[in-house]
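The chains referred to below are lettered A, B, ... by the order of the sequence lines, with proteins before strands, and numbering in each begins at 1. Since we're looking at a predicted model, the values are computed, not measured.
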Amino acid sequence: MSENTTPEPELTDAEVSEQKAVRLAKRDRLNELGLEAYPVALPITDNIPAVRARFGDLEADATTGVTVGLAGRIVHLRNTGKLCFASLQSGDGSRIQAMVSLAEVGEENLELWKDLVDLGDHVFVSGEVISSRRGELSIMVREWKMASKAVLPLPNMHNELNEETRVRSRYLDLIVREQARANVFARAKTMASLRSTFTSLDFIEVETPMLQVMHGGASARPFVTHSNAFDMELFLRIAPELYLKRALVGGIERVYEINRNFRNEGADSTHSPEFAMLEAYEAYGDYNSIADLTQKLIQDAALAVAGSHVVTWADGTEFDLGGEWDRISMYHSLSDAAGVQITPETSVADLQAMANKEGVEVHLANHGKLVEELWEHFVKDGLTRPTFVMDFPVETSPLVKEHRSIPGVVEKWDLYVRGFELATGYSELNDPVIQRERFVQQAALSAKGDVEAMHLDEDFLKALEHAMPPAGGMGMGMDRLLMAITGLGIRETILFPLVK
RNA sequence: GGGCCUCUAGCUCAGUUGGUUAGAGCAUCGGACUUUUAAUCCGAGGGUCAAGGGUUCGAUCCCCUUGGGGCCUACCA
């Protein structure tokens, strides 16, 4: 530390809460007595879930003759005169009771336990595995050591933390709320399941740049940063798409990436500025084959997390992700719901009139944006089952191949689950000449003030000019996938969401 | 971005139509207790009522500004 650094202001008693001061004093006392407050190693022989699994069905008031040494965080303390009880919790939420009795540990050790051990501490105990008179699986402690002293108190275990504290201090949330731990495991299981499904189908996982010279692959506002080494503006990626397509050109024919995207846009219950995204591309596939793949990925993940295609959401509703999912046409479903025939030939004026009548506002309206907004207005909320909405207008989809038989439409689907867009899939555009035209059209939108329009990416076009195989491609929000399987809000699916 | 609501003890929350000393449960401190399960019983301490400014004899309460959070709304996954 340098001489002219402003010294840390010393905390006076008034600035440390009473509870923290008391615990700091206990920490000091442990060290003074030569009982380390933060020992480097402990003679651990077992863990709580393993002991529970082995002795969980012990009768009340039984002994085993088996001695174990294990550690856990104290989540309840019941000190009586000569026999103290503590509930130790392990990382998976399982608990075991420790009993500290005068007869077993002696007067001095019992007093030290009562004086120095607080709720929230990690402690090590060793002793015989027994069952209390009430039948609680317990360790009759012969020896105990502090494993790590908590100098701040645990929040009380009997009220839920408010949402702000949960998100800001997720570690506390994880300690006191079973569901918070379950969410972490659900996410990990989902990720493992996706990778396992991909591996079984010979897909290769790659990592592509997050810092990009030119952002592309989606319509969104980027975060901008600066490289000192190159003295240039760089963008945090909004999508990996254009790099994964370069991989396709290079012959990596079944490729996927699971990683973070960054979009400088609104944050709410279904949007976070950084979010995990899966993108997958399959050479010689199309939007139908990639829809099959998407359905399988999600159904496998549901099976891994919930043990069934029927998942139960946080609010108790059951939702069936099983079976073959509906595939409906955007134009047909819109026409049916609106009671008017709407086709790729319907004029902007007619669509605009309908939007005005319905009170649907469309920014920088063109045929495609109007159709999509009207579709959301008329059809979206009526979808109760997982549904692929197929065949989008060409204007809003600059990276998609034109439909094989319907003019004015592209081979794109959006997958709707639980009222939100969970994934999107394409028959990928691989004609470099048409791709260049689409970029030029986007550039024109950009010039008109559409901040989300894509930019012309010469380097990507050059890759396409070397011929990308025909391919189906798909993108899916990982946080949303968790939301679809668990029914949680996005801030619950992300372990540490961005907070100000 | 716009609108509405909110911030009180370590945690979760009451409350004050503006008036002496701001409350509860858990937690903490002292005492009792060898089978507790949010242990129980007796006693005690703990607050810049988000921050700053204003109105007032007097503000935690009313007004303004700033900050944090939530809900609705618009845009994006």
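A/His215 has its NE2 atom 13 Å from the C1' atom of B/C76, to the nearest Å. Here B/G10 presents its P atom at 18 Å from CD1 of A/Ile175, a figure rounded to the nearest Å. Taking atom CG on A/Asn156 and atom P on B/C11, their separation rounds to 10 Å, with Å as the unit. The separation between A/Glu164 atom CD and B/C11 atom P is 11 Å, rounded to whole Å. B/U35 atom P lies 21 Å from atom CD of A/Glu59, rounded to whole Å. With rounding to whole Å, A/Phe275 atom CZ is found 9 Å from B/C76 atom C1'. With rounding to whole Å, A/Gln97 atom CD is found 11 Å from B/A39 atom P. Atom CZ of A/Arg177 is separated from atom C1' of B/U12 by 15 Å (rounded to the nearest Å).
Ring orientation note: the planes of A/Trp375 and A/Tyr416 are tilted relative to one another, at an angle of 30° to 60°. Using a 30° and 60° split on the angle between ring planes, A/Trp325 and A/Phe388 fall in the tilted class, from 30° to 60°. Under the 30°/60° scheme for interplanar angles, the aromatic rings of A/Phe262 and A/Phe223 are found to stand perpendicular.
Between B/C29, B/G68, B/A39, one nucleotide has an atom nearer to the side chain of A/Arg78 than all others, and that is B/A39. In this structure, the nucleotide among B/C11, B/C76, B/U34 sitting nearest to the side chain of A/Leu161 is B/C11. Taking the side chain of A/Glu18 as heavy atoms from C-beta on, and the options B/U35, B/A39, B/U28, the nearest nucleotide is B/U28. Distances from the side chain of A/Glu136 to the nucleotides B/U12, B/U37, B/U35 place B/U37 closest. Nearest to the side chain of A/Thr165, among B/U12, B/U34, B/C75, sits B/U12. Nearest nucleotide to the side chain of A/Pro153, out of B/U28, B/A27, B/C33: B/A27. Which of B/U35, B/A27, B/G68 sits closest to the side chain of A/Met140 comes down to B/U35. Side-chain atoms of A/Thr80 lie closest to B/C33 of the nucleotides B/C26, B/U37, B/C33.
Sequence order on RNA chain B of the closest nucleotides to A/Asp61 and A/Asp479 puts A/Asp61 first from the 5' end. Both A/Val22 and A/Asn162 lie close to RNA chain B; mapped to their nearest nucleotides by heavy-atom distance, the more 5′-ward contact belongs to A/Asn162.
Look at the C1' atom in both B/G69 and B/U55: the space between them is 28 Å, to the nearest Å. To the nearest whole angstrom, the two P atoms, one in B/G70 and one in B/C26, are 30 Å apart. For the P atom pair drawn from B/U20 and B/C49, the interatomic distance equals 15 Å after rounding to whole Å. Nucleotides B/A27 and B/G67, compared at atom P, are 39 Å apart to the nearest Å. Distance noted for atom P between B/G54 and B/C61: 14 Å (whole Å). To the nearest whole angstrom, the two C1' atoms, one in B/C5 and one in B/G10, are 26 Å apart. Here, B/G15 and B/A50 have their P atoms 15 Å apart, quoted to the whole Å. Rounded to a whole angstrom, the distance from the C1' atom of B/U37 to that of B/U16 is 38 Å.
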* Passes side-chain contact (heavy atoms from CB on, under 4.5 Å), A/Glu274 versus A/Asn261? Steps please. -> CA-CA 6 Å; A/Glu274 63 173 305; A/Asn261 289 346; over 6 Å; no
* Please lay out, stage by stage, how A/Lys401 and A/Glu411 fare under the test salt bridge (Lys or Arg N to Asp or Glu O under 4.0 Å). => CA-CA 6 Å; A/Lys401 215 178 234 180; A/Glu411 294 201 352; over 6 Å; no
* Going through the checks in order, is the ring-ring contact (aromatic ring centres under 6.0 Å, His included) test met by A/Phe319 and A/Trp313? -> CA-CA 7 Å; A/Phe319 191 78; A/Trp313 288 340; 4.7 Å; yes
* Steps toward salt bridge (Lys or Arg N to Asp or Glu O under 4.0 Å) verdict (A/Asp479, A/Arg260) -> CA-CA 11 Å; A/Asp479 313 298; A/Arg260 228 71 66 79; over 6 Å; no
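Of the residues A/Arg181, A/Arg177, A/Arg187, the one that meets the salt bridge (Lys or Arg N to Asp or Glu O under 4.0 Å) test with A/Glu492 is A/Arg177. The one candidate from A/Glu257, A/Glu279, A/Glu428 that meets the salt bridge (Lys or Arg N to Asp or Glu O under 4.0 Å) condition with A/Lys245 is A/Glu428.
In summary, the side chains of A/Asn156 and A/Asn159 do present a donor paired with an acceptor at a separation below 3.5 Å, with no hydrogens or angles considered. Under 3.5 Å, the side chains of A/Asp300 and A/Ser193 contain no donor-acceptor pair of N or O atoms.
Within the nucleic acid shown, A/Leu172 has no heavy atom closer than 4.0 Å to any nucleic acid atom. Using a 4.0 Å heavy-atom distance criterion, A/Gln19 is classed as a base contact. Counting any heavy atom pair closer than 4.0 Å across all strands shown, A/Met99 reaches a base atom. At the heavy-atom level, A/Ala103 lies under 4.0 Å from base atoms of the strands shown. Backbone-only contact: A/Leu77 has heavy atoms under 4.0 Å from sugar-phosphate atoms and none from a base. At the heavy-atom level, A/Glu160 lies under 4.0 Å from the strands shown only through sugar-phosphate atoms.
For B/A9, the OP1/OP2 oxygens have no side-chain nitrogen or oxygen of A/Ser17 closer than 4.0 Å. In terms of phosphate contacts, A/His158 brings no side-chain nitrogen or oxygen within less than 4.0 Å of OP1 or OP2 of B/G25. Using a 4.0 Å cut-off, some side-chain N or O of A/Arg168 falls inside it from OP1 or OP2 of B/G69.
The stretch residues 105-123 of chain A touches RNA chain B through A/Leu119, each having a heavy atom within less than 4.0 Å of the strand.
The side-chain heavy atoms of A/Leu374 and A/Leu351, taken from C-beta on, include a pair separated by under 4.5 Å.
In RNA chain B, the stems built from three or more successive Watson-Crick or G-U pairs (distances below 3.5 Å) are B:1-7 with B:67-73, B:10-13 with B:23-26, B:28-32 with B:40-44, B:50-54 with B:62-66.
A/Tyr426 does not carry A/Lys412 over the face of its six-membered ring by the limits of under 6.0 Å from the centre and within 45° of the normal.
Side-chain to base pairing of A/Glu163 with B/G70: no donor and acceptor N or O lie closer than 3.5 Å to each other.
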